[in-house]
Structure formats: structure tokens, C-alpha cells
Amino acid sequence: MAETIRVIIAGPRGNMGKEAVLLVNRTPTLELVAAVDSRNEGKELREVEGMPDESARVYTDMERCLQDVEADVLIDLTNPEAGKVHMDLALDYNVRPVVGTTGFTEEDVKRLRKKAEDKELGAIIAPNFAVGAVLMMKFSQMAAKYFEDVEIIEKHHDRKLDAPSGTAIKTAQLISEVREEKKQGHPDEKEEWEGARGAGMEGMHIHSIRLPGLVAHQEVMFGSSGQTLTIKHDSINRESFMPGVKLAVETAMKLDTLVYGLENIME
Ligand SMILES: NC(=O)C1=CN([C@@H]2O[C@H](COP(=O)(O)OP(=O)(O)OC[C@H]3O[C@@H](n4cnc5c(N)ncnc54)[C@H](OP(=O)(O)O)[C@@H]3O)[C@@H](O)[C@H]2O)C=CC1
Ligand SMILES: O=C(O)C1=N[C@H](C(=O)O)C[C@H](O)C1
């Protein structure tokens with residue numbers, strides 16, 4: 001039988017954290033050894049409303065948790081500020097971080113990769129754990145070889161803190177690997193209302209929509225003479241992300257570097 005992976009979850013009451021707790025709870029090869037929350041210090045997780053029957057202790061201080069508990073992997077699903085601090089601390093304490101939290105810059109990723117490699121630890125930052133979303137990004141990268149003009153439209157629930165989404169940024173980065181920089185639209189185009197053309201990266205445009213009722217959705221729309229191509233993905237619940245979280249936790253145990261993006265570990 002495979003060895004059990006000891007997991008800490010940061011953000012267990014959040015939309016994603018809740019699903020991650022259920023994932024670990026139902027997976028025999030994973031063991032929840034602690035949770036890091038912004039409240040509920042010292043409780044057992046099962047005493048926290050909405051949590052399953054897990055005896056793992058809740059900490060409000062990540063460093064204290066890492067000092068007290070023997071763990072293999074930290075799953076972080078919090079917010080950009082906390083996520084960065086947590087990831088650094090996990091590496092300090094030889095715990096492999098699997099981070100779904102978005103809002104990491106390219107500089108953050110570079111610095112953290114160096115730290116993971118210095119410590120010979122696996123680490124994963126995945127802007128999107130949904131397999132379909134990863135395929136949508138890969139297909140968009142393929143399409144970008146044939147279409148120079150592209151607009152990314154990402155749509156999320158209105159509780160989301162960061163814009164553009166981590167997925168939209170990653171999509172633009174993957175496209176930019178195969179596409180020459182190009183200013184799109186009319187050369188004399190002028191934004192009459194600031195923001196009308198969205199955010200920009202190397203001439204690509206990213207539009208962020210936030211509405212109650214949405215979960216996580218993205219369309220990558222390409223256009224050339226006489227045709228458009230739209231590649232679209234929808235996550236209609238947070239369970240959609242969990243197979244990717246499990247894959248990332250298992251893979252982090254075998255790596256000695258930081259991987260940014262699930263496409264790098266999907267067979
Ligand atoms: N990679 C992926 O596939 C996905 C990534 N995400 C990303 O994951 C992150 C979380 O998303 P989501 O679950 O929707 O957000 P939520 O706001 O629902 O959950 C975040 C949780 O983190 C808690 N938290 C905040 N600060 C700390 C801290 N310092 N220590 C411990 N817990 C803390 C919050 O507690 P409190 O409310 O008390 O502040 C809250 O319970 C976001 O960055 C989002 O973009 C989301 C979906 C998929
Ligand atoms: O905040 C979210 O909900 C999501 N965040 C990630 C992102 O920023 O891309 C992944 C997914 O889109 C859901």
C-alpha cells in the first residue's frame with residue numbers, strides 16, 4: 001500500500017479549502033495533520049461549523065503549526081498575501097507547498113523556485129487545478145500559433161480578490177511563448193472610457209467579469225480574416241478542482257523543484 005502523505009490545509013473554511021478538507025478526508029493515502037485558519041485557534045477541525053469528522057488541530061499561526069506538526073505537504077488556499085508567507089514558511093520547515101492561491105508574480109515564482117531547489121523540495125503553484133481548464137490553456141497555446149489576435153475573457157464570482165485571474169495570466173503567458181508581441185485592434189484605437197479594452201500583455205487583452213452566480217469560467221477568443229475560434233472552459237463547482245489538487249500533492253512528493261502550472265505534471 002502507498003505511504004500516507006501528511007497534509008496541512010491552510011484556509012479550510014474557504015470555498016476551496018472546504019473541498020480540499022473533504023478530499024483529504026475521503027482519500028485513504030492522505031492524512032490531515034493540521035489546519036491553518038484565520039480563527040478557531042486550538043479547536044479540533046470537527047468542532048468548526050461545516051467541517052467533517054477530522055481531529056486535526058486548528059492553528060492560526062502557520063509558523064507555530066509547522067513547529068508543532070510533522071507534515072509532508074501544505075495545501076494553501078487562502079489569499080495572495082497569506083499564501084506567499086505560508087509558502088516561504090513551508091519551505092523553511094521542509095514541507096512541500098501545493099499552492100492554489102493566485103496572485104503570485106513571475107518574480108515570486110522565480111524566487112520560490114530557487115528556494116525549493118536549494119532545499120531540494122518539491123513545490124507546486126497551480127493557477128488552476130481543473131483538468132479542463134489546463135486543457136483550455138494548452139489548446140489556446142496551440143491555436144495561438146495560427147491566430148495572431150486573441151482576447152481572453154475570464155468570469156468569476158464576485159468574492160474574488162484578484163484580477164485578472166491566475167488562469168488568465170497563465171493563459172497569456174503560455175500564448176506569449178509561441179506568439180510575437182502584437183498591438184491588436186485599430187492602430188489609432190482610443191479608449192474613451194478607461195479600462196474598456198481590458199488589461200494588456202504584449203498586445204493581448206484580458207477582460208475580467210465579476211458577478212454573483214458565477215464560479216470560474218474563461219473564454220479565449222481568436223480571430224483572423226473571416227473566422228473566429230473560441231476555446232471555453234467552465235468550472236461549475238469547486239469539486240472540479242480536486243482531482244488536480246490530489247495529483248499535485250502526490251507529484252510534489254516526487255519533485256525537487258517548483259513547478260508552476262499543472263500542465264507541466266499532467267501526463
Ligand atoms: N488554483 C485553483 O484551481 C483555484 C484557486 N483559487 C484561489 O484559491 C484562493 C482561495 O479561494 P476561495 O476558496 O474561493 O477563497 P475564500 O475567500 O472562500 O477562502 C479563503 C480562506 O482563507 C482564509 N484565510 C485568509 N487569511 C488566512 C490566513 N492568514 N491563514 C489561514 N487562513 C486564511 C479565509 O478566512 P477569512 O474568511 O476568515 O479571512 C477563508 O476561509 C484564491 O486565491 C483563489 O483565487 C480558487 C479556486 C480554484
Ligand atoms: O478565485 C477563484 O475562484 C479561482 N481562482 C483561480 C484563478 O484566479 O484563476 C482559478 C479558478 O479560476 C477559480
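Counting convention: from 1, in listed order, for ligands and their atoms alike.
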In ligand 2, which numbered atoms sit nearer than 4.0 Å to a non-hydrogen atom of T102? 6 (C), 7 (C), 8 (O)
Any heavy atom of R159 under 4.0 Å from ligand 1? The part involved is neither
Between G132 and H233 the two heavy atoms that sit nearest each other are C-CD2, 3.3 Å
What atoms in ligand 1 come closer than 4.0 Å to a heavy atom of A82? 28 (C), 29 (N)
Is S235 touching ligand 1 with its side chain, its backbone, both, or neither, if touching means heavy atoms under 4.0 Å apart? neither
Can you report which non-hydrogen protein atom sits closest to atom 3 (O) of ligand 1, along with the distance? F129 N, 2.7 Å
Against heavy atoms of S38, which atoms of ligand 1 measure under 4.0 Å? 31 (C), 32 (N), 35 (O), 36 (P), 38 (O), 39 (O)
Suppose I only count heavy atoms of N128 and a 4.0 Å limit; which atoms of ligand 2 are within that range? 10 (C), 11 (C), 12 (O)
When you measure from atom 26 (N) of ligand 1 to every protein heavy atom, which one gives the shortest distance, and what is it? N79 ND2, 3.3 Å
Would Y93 and Q67 count as a side-chain hydrogen bond (donor to acceptor under 3.5 Å, both in side chains) here? Give the steps. CA-CA 8 Å; Y93 284 84; Q67 283 163 351; 3.1 Å; yes
For ligand 1, is K160 a contact, meaning one of its heavy atoms is under 4.0 Å away? yes
In E177, E106, E154, E263, the residue satisfying salt bridge (charged side-chain N to carboxylate O under 4.0 Å, His left out) with K170 is E263
Considering heavy atoms of the protein only, find what lies nearest to atom 1 (O) of ligand 2 and give residue, atom and distance to 0.1 Å. K160 NZ, 2.9 Å
Could you tell me the residue and atom name of the protein heavy atom closest to atom 3 (O) of ligand 2, and the distance to it rounded to 0.1 Å? H157 NE2, 2.8 Å
Which ligand 2 atoms are under 4.0 Å away from a heavy-atom of S165? 7 (C), 8 (O), 9 (O)
For L262 and A126, which heavy atoms make the closest approach, and how far apart are they? CD1-CB, 4.2 Å
Protein heavy atom under 4.0 Å of atom 17 (O) of ligand 1: no
So the atoms of ligand 1 within less than 4.0 Å of a heavy atom of D37 turn out to be 31 (C), 32 (N)
Looking only at non-hydrogen atoms, which of H156, E154, M16 approaches atom 13 (C) of ligand 2 most closely? H156
F241 and ligand 1 - part of the residue with a heavy-atom distance under 4.0 Å: side chain
Contact region, P127 to ligand 2, non-hydrogen atoms below 4.0 Å, reads backbone
Can you find a non-hydrogen atom of A10 under 4.0 Å from ligand 1? no
Using a heavy-atom cut-off of under 4.0 Å, does the side chain or the backbone of T167 touch ligand 2, or both, or neither? both
Taking 4.0 angstrom as the limit and counting only heavy atoms of A216, give me the atoms of ligand 2 inside it, by number and element. 11 (C), 12 (O), 13 (C)
Quick one: which of P127, G14, P12 has a heavy atom closest to atom 19 (O) of ligand 1? G14
Donor-acceptor contact below 3.5 Å, side chain K119 vs main chain N94: no
With a 4.0 Å cut-off on heavy atoms, is H86 in contact with ligand 1? yes
May I ask you to identify, for S165, whether its side chain, its backbone, both or neither come under 4.0 Å of ligand 1 on a heavy-atom basis? neither
Any idea which protein heavy atom is nearest atom 23 (C) of ligand 1, and the distance to it? G11 CA, 4.1 Å
Could you give the distance from CD (E19) to CE (M242), rounded to the nearest 0.5 Å? 5.5 Å
How does Q218 reach ligand 2, if at all, at less than 4.0 Å between non-hydrogen atoms: by side chain, backbone, both, or neither? neither
Can you name the atoms of ligand 1, numbered from 1 with element, that are less than 4.0 Å from a heavy atom of V36? 31 (C), 32 (N)
